[in-house]
Amino acid sequence: MPDVRDGLRDGLRSALEGAGVDGAPAEIAIERPRDRSHGEWSSNVALAAAKAAGRPPRELAEQIVAHLSVQPPPHVVTVEAAGPGFVNFRLAPSWLHEVLGAVIDAGVDGYARSTEGAGRSVSVEFVSANPTGPLHAGHGRWAAYGDSLCRLLERCGYAVCREFYVNDRGRQIDLFTASLEARSRGAEPADDGYHGTYVAEWAAEMPDAAEVRRWGLERAHRDQAETLAAMNVSFDLYTSESELVARGAMGEALHELGSRGMVYENDGAVWLRTGDFGDSADRVLVKSDGEPTYFLPDIAYHHEKFSRGDLVIDILGADHHGYVPRMRAALGALGHPPDGYETLIGQNVTLRRGGAEVRLSKRAGDMVLVADLIDEVGPDVTRLVYLLQSIDTTQTIDVDVVSAQSAENPVYYVQYAHARIHSLGRMAAARDVQRAPLDDVDLSVLVHERELDVLRALASLPDTVVAATRARAPHQVTNWARELAAAFHRFWHDCPILRDDVDQELRQARLWLVEGARVGLAVALGILGVSAPERL
RNA sequence: GCCCUCGUAGCUCAGUGGAUAGAGCAUCGGUCUCCUAAACCGUGUGCGCAGGUUCGAUUCCUGCCGGGGGCACCA
């Protein structure tokens, strides 16, 4: 894929040589200046290399400019030194026409794809909700975030395994089973049981002959899987904790930890020396009553995950972050390298409805389900709303705003751009306007600022995808989609395409620009897992 | 007390080791005989506070203040 920066970099490198600078930095940074009046691209090499060159940055920048001006890199119109020592490049629009060609050539499958993860595998665990009830609005955030992160990783060449851990044994399951059974008898669950209305509903569905525990687990799993499917999220692997224990994986992990001298007994319990590996204290693996804690099978599970990924990622809610040091310690005790395990901690989600916060509590029963949100606003809006913000921020979803068919709702802005593109296609078909082959179309007529802004946005998508992947930040793709939509709406407003007074050449070029925008938007929405409507 | 995280415009949030920090909403005012006005155009005294590193810090480091979360032989 052609990148205009390669030419700029080559030019800067030889200009540095020409200026007699030996210690040129290996990586020459070329960025888009915030202020458009500074040109299309800018480099800080003069600032970075000033020390090695032994002269003031501004002076070095001017020398670089003098050399570059003799034989400018491709597309470059002017080079100038500016500010404290930046080298600014002004480019002819041809560089953007080249971008459009590349977008069209690569298409939705190929554009903004990276090979930086090629040959690497990664296991990503997310959601992993207990099989004791439906997914609440908090789970929805991890579903949307985790799946879109996986899509980003895949677009960058990683082989991804989406994992869901089913914690289907232990005390919570006992309580859930007992609650279900109580409801089926028409009784109230115990105080520490599950009181959600869904428990009663499920109990009413349950056949008399059903084995309550198994039936309940399956019912919860089915409910969760349906919600996830509605959100366009699917997992490659569900791992059942009880099966993991049954097939001996837990015992093997315990044995391995023991053989490494990491385990000891105290007060009748079996402890792991996590304190020696950065945790604040040692942790219990097997309780004094002989029952393993949640921790031990989870260690076995994580141990296994390294066979599926060079990199193992856990996506956790902030309420579980305290768990990270002990897992990290346990994996260290098993000999796994520290940088092979990555935890992404997301802040909580709250919902607001009618101006008041809705509390999320599974046992109290007063909660907002992802399924409810999907019913109210649809799966695409639900998913996009989750991906509007960084997971570092506590998110408050105002259901009234998100469900409103109004301009306050940020989702429609992007959807409308998509709908307009398809609307154009329908109108073109109605008027029997065909798009000529790209090779026969002269893109150089695209010189309107509105046109160029759309192309600039398209040009930035590959960088956005790589940056969002590295930062584990799918919301950056959402921001890009909003930017592209903004550029597209402005273009649409100012640049007619099918109107009779539009020149044929220009119309053809604009049709291809619209196609480029469609490709870019499709790539972004694909990463976000959102399907935009073809009409609103 | 210790750990994690956040603090940017009236509100909800982006953003970056660089040059004059952005968007949406809200406010006020414009734009449909014109490919859908769910759109476009105009309207802004803001990086919690104090140090440090740096040629350059809103960004990195330390401390403080404030919000949220976590510190089990629960999961």
Side-chain angles (χ1 to χ4, degrees), chain A residues 29 31-35 37-38 42 44 47-48 50-51 56-58 82-86 88 128-130 132 167 169-173 175 192 241 266-271 280-281 283-295 298 316-325 343 345-348 350 388-398 401 404-417 419-420 423-424 426-428 430-431 433 450 473 475-476 478-479 482-483 485-486 488-502 507 510 514 535-536:
Chain A
E31 313 177 317
R32 290 196 65 79
R34 188 152 31 208
D35 188 338
S37 71
H38 292 131
S42 175
N44 65 351
L47 289 141
K51 199 166 275 181
R58 177 73 196 210
F86 292 101
N88 292 341
S128 294
N130 284 354
T132 54
N167 179 217
R169 55 179 288 285
R171 182 176 150 75
Q172 293 306 317
I173 303 304
L175 289 172
D192 57 355
E241 180 186 352
N266 190 30
D267 293 339
V270 179
W271 298 70
S280 55
R283 306 290 170 177
V284 171
L285 295 175
V286 183
K287 294 187 266 183
S288 50
D289 65 2
E291 273 295 304
T293 58
Y294 172 85
F295 189 33
D298 203 24
L316 301 167
D319 54 341
H320 285 79
H321 93 269
Y323 188 68
V324 172
T343 51
I345 310 296
Q347 300 304 307
N348 295 329
T350 53
L388 231 32
Q389 281 161 37
S390 157
I391 58 157
D392 292 336
T393 322
T394 308
Q395 185 175 37
T396 304
I397 297 176
D398 191 323
V401 168
Q405 306 271 312
S406 78
E408 281 178 62
N409 189 337
V411 175
Y412 286 109
Y413 192 74
V414 174
Q415 291 191 324
Y416 189 44
R420 278 184 151 173
S423 157
L424 183 83
R426 289 191 295 272
M427 284 185 293
R431 296 175 186 214
V433 172
R450 301 309 200 196
H475 76 279
Q476 292 179 2
T478 313
N479 288 338
R482 296 173 77 175
E483 255 174 55
F488 185 78
H489 285 310
R490 287 193 276 263
F491 157 76
W492 180 272
H493 186 266
D494 291 351
C495 301
I497 300 165
L498 297 177
R499 231 164 56 188
D500 295 340
D501 59 343
V502 178
R507 173 180 296 162
R510 283 179 174 170
V514 172
R535 59 181 83 212
L536 288 187

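In what follows, every chain begins at residue 1, and chains take the letters A, B, ... in the order their sequences are listed.
Distances from the side chain of A:Asp319 to the nucleotides B:rC40, B:rA14, B:rG69 place B:rG69 closest. Side chain of A:His475, nearest nucleotide from B:rC74, B:rA14, B:rC41: B:rA14. Side-chain proximity of A:Ser390 to the nucleotides B:rU36, B:rA39, B:rA14 is greatest for B:rA14. The side chain of A:His489 has B:rC40 as its nearest neighbour among B:rC13, B:rC4, B:rC40. The side chain of A:Leu47 sits closest to B:rC55 out of B:rC55, B:rA21, B:rU36. Considering only side-chain atoms of A:Ala269, the nucleotide from B:rC73, B:rU5, B:rU36 that sits closest is B:rC73. Between B:rU36, B:rA72, B:rA38, one nucleotide has an atom nearer to the side chain of A:Tyr412 than all others, and that is B:rA38. Picking from B:rC74, B:rC41, B:rC6 the nucleotide with the shortest atom distance to the side chain of A:Asp392 gives B:rC6. Taking the side chain of A:Arg426 as heavy atoms from C-beta on, and the options B:rC74, B:rU36, B:rG15, the nearest nucleotide is B:rU36. Proximity note for A:Asp35 (side chain, C-beta onward) versus B:rA19, B:rU12, B:rU20: the nearest is B:rU20.
For B:rC71, the paired base is B:rG1 (Watson-Crick or G-U wobble, both distances below 3.5 Å).
An aromatic stacking contact between A:His320 and the base of B:rG70 is absent, as defined here by ring centres under 5.5 Å apart and ring planes under 30° from parallel. The aromatic ring of A:Tyr416 does not sit over the base of B:rA39, since the test of centres under 5.5 Å and planes under 30° is not met.
With hydrogens and angles ignored, a donor-acceptor pair closer than 3.5 Å exists between the side chain of A:His321 and the base of B:rC3. A donor-acceptor contact under 3.5 Å is not formed by the side chain of A:Thr293 with the base of B:rA72.
In this structure, the CG atom of A:Asn479 is 9 Å from the C1' atom of B:rC13, given to the nearest Å.
Glycosidic conformation of B:rC32: syn, with the torsion inside 90° of 0.
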